There are 2 protein chains.
Amino acid sequence: MVRKPTSKETARKPNMREAILAAAEELFATNGFNAVSVRDIAQAAGANPGSVTYHFKTKDGLLLEIYRRHCGPMNLRRFELLAAAKRVRDLQDRLEAVVRAYVVPAFTSGSDLAGGGARFTRLRAVMSAEGNEVARKIIAQTFDDTSHAFIDAVHESLPHIPRTDIVWRSHFLLGALYYSLVTPDRVSRLSRGEADGSDAASAIEQLVQATVAAFQAPALDQAAPARRRPVVSSKT
Amino acid sequence: MVRKPTSKETARKPNMREAILAAAEELFATNGFNAVSVRDIAQAAGANPGSVTYHFKTKDGLLLEIYRRHCGPMNLRRFELLAAAKRVRDLQDRLEAVVRAYVVPAFTSGSDLAGGGARFTRLRAVMSAEGNEVARKIIAQTFDDTSHAFIDAVHESLPHIPRTDIVWRSHFLLGALYYSLVTPDRVSRLSRGEADGSDAASAIEQLVQATVAAFQAPALDQAAPARRRPVVSSKT
DNA sequence: ATGTGATTTGTACTATCGTACAAAAGATCA
DNA sequence: TGATCTTTTGTACGATAGTACAAATCACAT
């Protein structure tokens with residue numbers, strides 16, 4: 001079943017274009033965009049610097065292509081899982097399924113790349129932290145639909161919670177998700193080795209469980225209606 | 001009440017050293033470390049590039065000084081608030097106070113700078129995303145004590161939850177906290193203008209409420225003991 | 001085998017980077 | 001006022017950045 005590839009899709013023995021993309025993805029995701037030079041990428045991919053220019057024209061073009069590669073498949077998978085989640089009868093189960101539909105594709109692969117989902121999500125986290133313009137544009141116009149669909153689905157399971165609160169909480173979810181992928185070692189360190197921060201399965205379960213509970217928290221307006229505010233500051 | 005400053009604490013009419021620190025903090029926090037040049041910082045501070053070298057020797061030294069400036073006060077404030085929180089009788093209220101003790105100093109100022117707390121926390125978020133070495137070292141040895149104290153305090157309020165779960169959930173808290181400061185506009189956008197992502201008070205309340213609920217979620221081992229797992233994937 | 005188009009290589013150009021350093025300018029006090 | 005120390009300025013240097021481009025190399029249809 002080893003298909004001889006036609007000249008259009010691959011050129012040399014190894015697919016250099018793919019190697020460059022993979023190397024760039026990894027380096028960008030761990031060091032940020034500006035800390036990585038085109039020469040670094042080329043070296044990691046076993047390619048010549050000029051080859052990067054040939055395939056992607058500019059460094060920004062390379063980043064753009066990475067996003068193009070992953071956004072579609074990851075969103076598709078999210079919509080599939082979200083559709084399946086919406087068919088769950090039990091309301092509690094449905095909420096969990098909805099959250100899972102949002103979280104799982106970010107960790108596991110959105111495309112056919114092995115573990116590429118986590119790497120790409122980490123890349124998104126880093127780019128958003130750096131305020132990268134290229135990323136900001138493509139993310140806003142690619143993921144906002146998904147985010148709205150997700151927020152709506154959560155809202156359907158929790159009609160008594162104001163939409164505003166759900167937006168905040170889903171924002172926290174994304175932040176937690178990002179941070180789990182950015183510094184997994186911190187979890188291992190703070191748990192004194194009892195937890196493995198880089199274990200995707202654990203991260204998913206913990207994140208889903210915590211997030212479901214967070215979504216189910218009482219709305220802010222009516223929070224603790226008969227309780228006094230706990231002490232918050234010593235002075236002022 | 002205009003005190004003539006002694007020669008030791010300030011030299012020229014405006015304090016150039018402070019101006020450089022402030023400008024660097026702002027630029028690093030919004031663009032990342034590598035995207036900002038020493039010349040950018042100098043220009044934003046109205047100083048000469050050479051002046052940066054004079055005061056901080058290297059670019060890394062400048063970053064280090066920013067951390068030195070904030071870490072102490074912020075940690076001190078957290079310990080004060082944590083100590084006060086531990087004196088709260090009611091267990092539910094105590095948990096909320098503990099979470100608040102962790103969150104509030106990250107948003108409001110840890111030192112005497114106005115709004116400097118949020119800016120510095122955002123800086124920490126960006127540096128951690130970029131995997132900055134200087135930041136990683138100083139953070140691990142400065143904030144791990146605080147984090148452990150915080151985790152222990154939460155654990156005291158929730159003895160039935162395994163420590164591992166609490167570590168994960170406090171990790172999610174920090175991620176949510178970071179992300180709220182990095183891209184507040186996303187909250188405004190997704191809520192269609194109904195929420196203001198850059199309003200610190202709202203962010204704090206929302207974050208505290210959601211996090212308290214997340215901490216109170218059932219432990220993972222015993223999660224949903226009599227329930228079947230909801231559907232999670234269509235294939236495999 | 002050979003010509004043709006796609007890819008890779010090697011190298012060079014310009015811009016900007018972090019940093020160094022000497023000279024100028026200001027502050028401080030005898 | 002003049003001596004001395006601190007701070008600011010201006011400029012320069014070597015390294016490295018992104019990108020361009022011509023030459024070399026490869027895959028493959030003819």
Side-chain angles (χ1 to χ4, degrees), chain A residues 2-25 27-28 30-66 126-127 130 132-135, chain B residues 2-25 27-28 30-67 127 130 132-135:
Chain A
V2 183
R3 188 174 60 88
K4 182 85 121 340
T6 71
S7 65
K8 262 298 169 52
E9 51 186 21
T10 181
R12 277 296 167 58
K13 293 170 289 184
N15 196 332
M16 204 80 264
R17 192 185 142 93
E18 292 301 322
I20 293 172
L21 277 170
E25 208 178 296
L27 288 172
F28 286 157
T30 45
N31 302 104
F33 185 75
N34 295 288
V36 177
S37 71
V38 172
R39 287 168 176 82
D40 291 337
I41 297 166
Q43 185 167 25
N48 189 284
S51 198
V52 177
T53 308
Y54 171 72
H55 284 291
F56 307 100
K57 200 65 187 172
T58 69
K59 198 182 171 189
D60 276 353
L62 173 54
L63 181 64
L64 201 66
E65 183 55 29
I66 292 174
V126 176
M127 292 304 114
E130 285 188 319
N132 184 289
E133 270 303 306
V134 176
Chain B
V2 183
R3 188 174 60 87
K4 182 84 117 347
T6 73
S7 67
K8 262 297 166 53
E9 49 185 24
T10 179
R12 282 293 168 62
K13 293 170 290 183
N15 197 333
M16 203 81 266
R17 191 184 144 94
E18 294 300 324
I20 293 171
L21 277 170
E25 208 178 297
L27 287 173
F28 286 157
T30 44
N31 302 105
F33 184 75
N34 295 287
V36 177
S37 71
V38 173
R39 287 167 177 83
D40 290 337
I41 297 166
Q43 186 168 25
N48 189 283
S51 198
V52 177
T53 309
Y54 170 73
H55 283 291
F56 306 101
K57 200 66 188 170
T58 67
K59 197 182 170 189
D60 276 354
L62 173 54
L63 181 64
L64 200 67
E65 183 55 28
I66 293 175
Y67 271 80
M127 292 303 115
E130 285 188 320
N132 185 287
E133 271 303 306
V134 176

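So that the names make sense, note that chain A is the first sequence line, chain B the second, and so on, each numbered from 1. All of these numbers come straight from a predicted model, not from anything done at the bench.
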Contacts of A:T30 that satisfy side-chain hydrogen bond (donor to acceptor under 3.5 Å, both in side chains) - sequence neighbours left out: none
Set of residues satisfying side-chain hydrogen bond (donor to acceptor under 3.5 Å, both in side chains) with respect to A:N31, sequence neighbours excluded: none
Pairwise salt bridge (charged side-chain N to carboxylate O under 4.0 Å, His left out) hits with a residue in residues 51-65 of chain B, at least two apart: B:R17-B:E65, B:E65-B:R68, B:E65-B:R69
Atom pair distance, as rounded to whole Å: CZ in B:R17 and C1' in D:dT6: 13 Å
Whichever of B:P49 and A:V52 has its nearest DNA chain C nucleotide further upstream toward 5': A:V52
Atom pairs and distances, donor-acceptor, side-chain atoms in residues 47-55 of chain B, under 3.5 Å, two or more places apart:
unit_1 : atom_1 : unit_2 : atom_2 : d
B:N48  : OD1    : B:G50  : N      : 2.9

Contacts of type ring pair (Phe, Tyr, Trp, His ring centres under 6.0 Å), residue B:F56, not counting sequence neighbours: none
Sub-4.0 Å heavy-atom contacts from residues 41-48 of chain A onto DNA chain D, ordered by number: none
All side chain to side chain contact (heavy atoms under 4.5 Å, CB included) counterparts of A:A22, not counting sequence neighbours: A:R119
A:S37 side-chain N/O to D:dA17 phosphate OP1/OP2 under 4.0 Å: yes
Those residues that, when tested against B:S37, pass side-chain hydrogen bond (donor to acceptor under 3.5 Å, both in side chains) (two or more places apart): B:D40
DNA chain C contacts made by residues 56-65 of chain A, counting heavy atoms under 4.0 Å: none
